Amino acid sequence: MVLGYRGGYPLGIGDTLSKSALPRRAVQMADENAPGITVIDGGTAKPTSYADLRTGDLLFWDASTDDGTALDHVGIYLGIDSTGKHRFISSRKTVDGPTLGDEGGPSTLDSATLYDRSWRKAKRA
């Protein structure tokens, strides 16, 4: 919704990928045929550098173990916080529904948690 509203990318529906519409699923957003350019790609491993990240980049994770190596979670990079950590925002699954922020673990890429270990890719709109 943020990229659609502010970035001018309408949300895409269906399986057809287009450079002019943002798909619904993380794995589709991460695809090279979706809007944006890849700025960091760790493949099946965590990237080794944060140097190319810019505020607003989309971050992608392979956070779920039940779908192989598919990129299954997406968030937005916010920059370096007051403690020096690389912070992002994303929706999290919890018992009472999705939440934002640090619910379910720190929203940082350098915290030795699930979202740190499973980060794989960044794209820029």
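Just so you know, these numbers come straight off a predicted model, no measurement behind them.
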- Between the NZ atom in Lys46 and the OG1 atom in Thr48, the distance rounded to the nearest 0.5 Å is 9.5 Å

- Message: Show the nearest heavy-atom pair for residues Trp119 and Leu59, with the distance to one decimal.
- Response: NE1-CD2, 3.6 Å

- Task: Output yes when a side-chain donor or acceptor of Lys123 lies under 3.5 Å from a complementary backbone atom of Glu32, and no otherwise.
- Result: no

- Item | All side chain to side chain contact (heavy atoms under 4.5 Å, CB included) counterparts of Arg117, not counting sequence neighbours | Leu114

- Message: Under the rule for side chain to side chain donor-acceptor pair (under 3.5 Å), what residues qualify as partners of Asp57, not counting sequence neighbours?
- Response: Arg124

- Are any non-hydrogen side-chain atoms of Tyr77 and His86 less than 4.5 angstrom apart? yes

- Message: Going by side chain to side chain contact (heavy atoms under 4.5 Å, CB included), name the residues that satisfy it together with Leu78, two or more places apart in sequence or in a different chain.
- Response: Arg87, Ile89

- Message: Checking Asp41 now: which residues fulfil side chain to side chain contact (heavy atoms under 4.5 Å, CB included) with it, not counting sequence neighbours?
- Response: Thr38, Lys121

- Task: Please report the shortest heavy-atom distance between Asp62 and Leu71, naming the atom on each side.
- Result: N-CD2, 4.0 Å

- Task: Keeping the roles fixed (side chain from Tyr50, backbone from Leu109), state whether a donor-acceptor pair exists under 3.5 Å.
- Result: yes

- Item | Under the salt bridge (charged side-chain N to carboxylate O under 4.0 Å, His left out) test, residues paired with Asp72 that sit two or more places apart | none

- Note on the structure: In terms of heavy-atom contacts, Ser49 and Ile40 come closest through O-CD1, 3.7 Å

- Among the clusters formed by ILVMFWY side chains lying less than 4.5 Å apart, do Tyr115 and Val27 turn up in the same one? no

- Query: Can a donor-acceptor pair be found between the side chains of His73 and Ser90 at a distance below 3.5 Å?
  - Reply: yes

- Query: Under 4.5 Å between any side-chain heavy atoms of Pro35 and Pro23, yes or no?
  - Reply: yes

- Query: Where do Ile76 and Gly56 come nearest, in terms of heavy atoms and distance?
  - Reply: CG2-CA, 3.8 Å

- Is there a side-chain contact between Arg120 and Trp61, using heavy atoms and a 4.5 Å cut-off? no

- Write down the atom of Thr113, the atom of Pro106, and the distance for their closest heavy-atom approach. CG2-CD, 3.6 Å

- Note on the structure: Nearest heavy-atom contact between Gln28 and Ala34 is O-CB, 3.3 Å

- Task: Not counting sequence neighbours, which residues clear side chain to side chain contact (heavy atoms under 4.5 Å, CB included) with Thr83? List them please.
- Result: Asp81, Lys85

